[in-house]
There are 2 protein chains.
Amino acid sequence: MSVPVGRSPVMADVARLAGVSHQTVSRVLNGHPNVRAETQARVQSAIEELGYRRNSSARALVTRRTGVIGVVAFDTTHYGPAQTLSGIEHAARADGYFLSVVTLQTVTREAVSEAMDYLAQQSVEGYIVIAPKRAVVEGLADQPAERPVVAVEGGEAPDLPVVCVDQVGGGYLATRHLLDLGHRTVHHIAGPGDWLEAEGRIAGWRRALEEAGAPVPDPLHGDWRPRSGYRIGAQLAEEREATALFVANDQMALGALRALGEAGVRVPDDVSVIGFDDIPESEFFTPPLTTVAQDFSEVGRRGIGLLIDLLEDPTDTVPMTPARSVVPARLVTRVSTAPAPA
Amino acid sequence: MSVPVGRSPVMADVARLAGVSHQTVSRVLNGHPNVRAETQARVQSAIEELGYRRNSSARALVTRRTGVIGVVAFDTTHYGPAQTLSGIEHAARADGYFLSVVTLQTVTREAVSEAMDYLAQQSVEGYIVIAPKRAVVEGLADQPAERPVVAVEGGEAPDLPVVCVDQVGGGYLATRHLLDLGHRTVHHIAGPGDWLEAEGRIAGWRRALEEAGAPVPDPLHGDWRPRSGYRIGAQLAEEREATALFVANDQMALGALRALGEAGVRVPDDVSVIGFDDIPESEFFTPPLTTVAQDFSEVGRRGIGLLIDLLEDPTDTVPMTPARSVVPARLVTRVSTAPAPA
DNA sequence: CTGAAAGCGCTTACAG
DNA sequence: CTGAAAGCGCTTACAG
């Protein structure tokens with residue numbers, strides 16, 4: 001009445017031990033009604049006694065559902081993607097889905113479609129793609145789309161279900177904050193040109209300036225990394241023109257802060273600086289950084305929610321306008337911003 | 001000669017189109033020898049024409065191999081785990097494995113075994129567990145171990161294959177560097193008591209001090225976050241005793257730097273500070289931080305390598321002493337350390 | 001409420 | 001070099 005050594009127990013083993021057919025075991029496992037309570041109990045204890053675990057491959061073969069969601073993420077030293085991935089993972093698990101992850105070094109269309117291909121080999125049911133660049137999002141929309149795809153964390157994108165933080169609103173918030181402090185205008189250290197987040201933040205910054213009738217200086221593009229912020233910060237310090245600086249992420253803000261400090265420019269007395277992301281370090285920068293916080297976990301949660309809706313939607317009709325969910329950004333005021341110098 | 005609409009092509013469809021049996025298609029797909037070149041070409045083009053993709057569940061059912069590796073990771077705002085995960089992912093993909101990831105909020109034995117249970121439902125072939133706490137590693141070693149497990153990124157652990165950075169060596173390196181600079185002793189802001197990394201760094205620090213016959217102050221425990229470094233830094237600044245400070249990670253070092261700065265203690269003139277991790281920000285701290293770099297990607301790579309060896313080892317014998325791989329740490333000298341004040 | 005039958009889409013011996 | 005047969009471990013109608 002026991003299982004041969006060296007082989008994991010299968011449903012038939014449980015059935016034999018419980019004195020029922022394997023179909024009844026299946027019913028118990030799947031929570032079907034129409035199983036006598038007493039039978040169910042017998043099956044349950046047989047399952048426990050044997051340490052039986054259902055063979056997921058066999059199940060997937062017949063149900064045509066693997067329960068696996070493919071995630072294409074990016075290998076960055078950035079704070080956001082890791083947080084987003086974590087939000088995605090928790091939400092997926094809460095709904096009983098598994099996550100298969102591919103992380104990319106380079107953010108290109110080709111790399112993304114290769115990653116999706118790889119995941120397709122594993123029969124994922126749908127995809128979440130962390131798609132921060134315009135080209136990638138557009139490449140995604142072009143794809144034949146055998147399975148649902150949700151883009152996450154870039155900016156808003158056409159023709160694709162998307163979850164993102166309100167980058168435009170965040171950029172607006174940051175700039176507005178500085179203008180309200182009496183600054184004549186706000187200079188901007190932007191992210192790389194093809195990043196949706198960079199574009200959104202520029203748009204918000206520009207809108208706030210235009211609304212206030214303030215001059216709109218050329219945005220200066222960094223590469224998200226501290227060093228680029230340092231370089232541009234040094235340049236701005238030399239020009240001695242800016243009194244307010246909106247930097248598109250906290251890492252570049254850190255570099256800028258350092259360059260300003262080295263040039264003898266006091267923050268916030270001479271120049272106010274605001275960042276974006278609210279990384280854990282930013283509170284302890286010199287000085288503590290005013291910044292814009294993004295709720296990455298919420299983005300992950302909503303992304304999974306959207307995808308699962310798509311996967312489980314019984315109607316199977318593609319809506320004319322894809323779903324879209326925008327998470328608001330939030331201003332975090334600290335020490336690095338102050339009223340404009342007299 | 002084509003596939004009914006609404007159904008993905010199966011092997012039989014390819015076979016029909018190529019005019020062979022489905023077994024021959026299988027042979028081509030699996031790269032078996034003994035297929036005529038011409039037959040192979042016909043099959044290949046049928047595959048392409050139909051856009052056929054092998055059903056992974058059916059394959060796994062018969063081969064008893066899913067090609068999936070389960071990863072238990074931690075949801076931290078830390079730099080290391082994300083980098084490690086990325087290293088794991090690249091290595092796994094290079095070897096044709098898939099990664100199913102669970103991220104944990106809390107690092108407890110229970111959470112880890114729950115996560116492994118969840119992954120077992122998906123029939124993972126083995127596990128990589130990022131296990132930074134002693135209790136977790138010990139819990140892992142206790143488990144019945146139906147499938148191979150490799151622990152990664154904690155310290156060295158008994159009874160379990162492990163890949164980690166040489167934390168003891170790193171702590172030694174940091175402390176030695178400060179002693180060589182002429183400091184009488186080195187104070188230590190440590191990580192939380194139950195973390196293996198914290199323990200290893202303390203051990204290395206202690207060894208260097210003892211070797212040099214220097215006094216060994218009590219280590220002061222933070223929680224890895226900047227705020228705890230700030231708190232302890234403020235306390236040390238008040239005591240005015242330390243001239244050299246080894247902080248167990250860069251985030252706490254950032255907090256300490258800030259506390260010292262606020263107290264009017266100059267770094268490195270009055271106090272030298274060294275961190276651990278070499279996060280991208282540390283180069284732009286005030287002042288740029290001397291620190292100890294860990295090659296997280298290498299840890300991930302070796303972890304996967306070890307696990308795959310275990311999975312593919314034909315002998316199937318468990319060695320008496322589990323494999324163990326230690327990645328060296330590396331000193332990165334910047335501005336925050338200097339000779340002891342006269 | 002429960003069981004006997006069929007079949008999901010592959011791979012693996014076994015013939016030839 | 002290639003095909004007919006069996007079987008992996010489940011779920012899903014279909015009977016009863």
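None of these values were measured; they are calculated from a predicted model. Side-chain atoms are counted along with the backbone in the values below, which use heavy atoms only and exclude waters and symmetry mates. In the text below, chain A, chain B and the rest are named by the order of the sequence lines, each starting its count at 1.
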> Could you walk me through whether B:Tyr118 and B:Val102 pass the side-chain contact (heavy atoms from CB on, under 4.5 Å) check?
CA-CA 9 Å; B:Tyr118 191 74; B:Val102 170; 4.2 Å; yes

> If I take atom CZ from residue A:Arg27 and atom NE2 from residue A:His22, how far apart are they, to the nearest 0.5 angstrom?
9.5 Å

> Among B:Val150, B:Ile88, B:Val163, find the residue that satisfies the side chain to side chain contact (heavy atoms under 4.5 Å, CB included) test when tested with B:Leu307.
B:Val150

> Please evaluate residues A:Arg65 and A:Glu125 with respect to the criterion salt bridge (Lys or Arg N to Asp or Glu O under 4.0 Å), reporting the C-alpha separation (whole Å), side-chain torsions for both, the decisive distance (0.1 Å), and the verdict.
CA-CA 7 Å; A:Arg65 298 212 52 181; A:Glu125 294 188 22; 2.5 Å; yes

> Which atom pair, heavy atoms only, marks the closest approach of B:Ser8 to B:Asp13?
O-OD2, 4.3 Å

> Quick one: do the B:Ser56 and A:Ser123 side chains pair a donor with an acceptor below 3.5 Å?
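Looking only at side-chain atoms, A:Ser123 and B:Ser56 do form a donor-acceptor pair, the distance falling under 3.5 Å.
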
> For the pair B:Arg134 and B:Asp194, find out whether any cationic side-chain nitrogen is under 4.0 Å from an anionic carboxylate oxygen.
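Here B:Arg134 does not pair with B:Asp194 in a salt bridge, since their nearest N and O are not under 4.0 Å apart.
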
> Between the side chains of B:Asp117 and B:Ser113, is a donor N or O closer than 3.5 angstrom to an acceptor N or O?
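Looking only at side-chain atoms, B:Ser113 and B:Asp117 do not form any donor-acceptor pair under 3.5 Å.
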
> Is the closest side-chain donor-acceptor distance between A:Arg54 and A:Asn30 under 3.5 Å?
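Judged by distance alone, the side chains do pair up.
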
> If we only count heavy atoms from C-beta on, is the A:Cys164 to A:Val152 side-chain gap below 4.5 Å?
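The answer is no; the side chains never approach within 4.5 Å.
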
> Walk along DNA chain C from 5' to 3' and tell me the first and last nucleotide with an atom closer than 4.0 Å to a non-hydrogen atom of chain A.
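Footprint of chain A along DNA chain C, 5' to 3': C:dC1 to C:dG9.
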
> Give the dot-bracket string for DNA chain C, reading 5' to 3', where a pair is Watson-Crick or G-U wobble with both distances under 3.5 Å, ( ) marks pairs inside the strand, [ ] marks pairs crossing earlier ones, | marks a partner on another strand, and . marks unpaired.
|||.||||||||.|||

> For DNA chain C, which residues of residues 52-70 of chain A approach it to below 4.0 angstrom with any heavy atom?
A:Leu61, A:Val62, A:Arg64

> Map A:Ala12 and A:Arg27 onto DNA chain D by nearest heavy atom, then report which one ends up closer to the 5' terminus.
A:Ala12

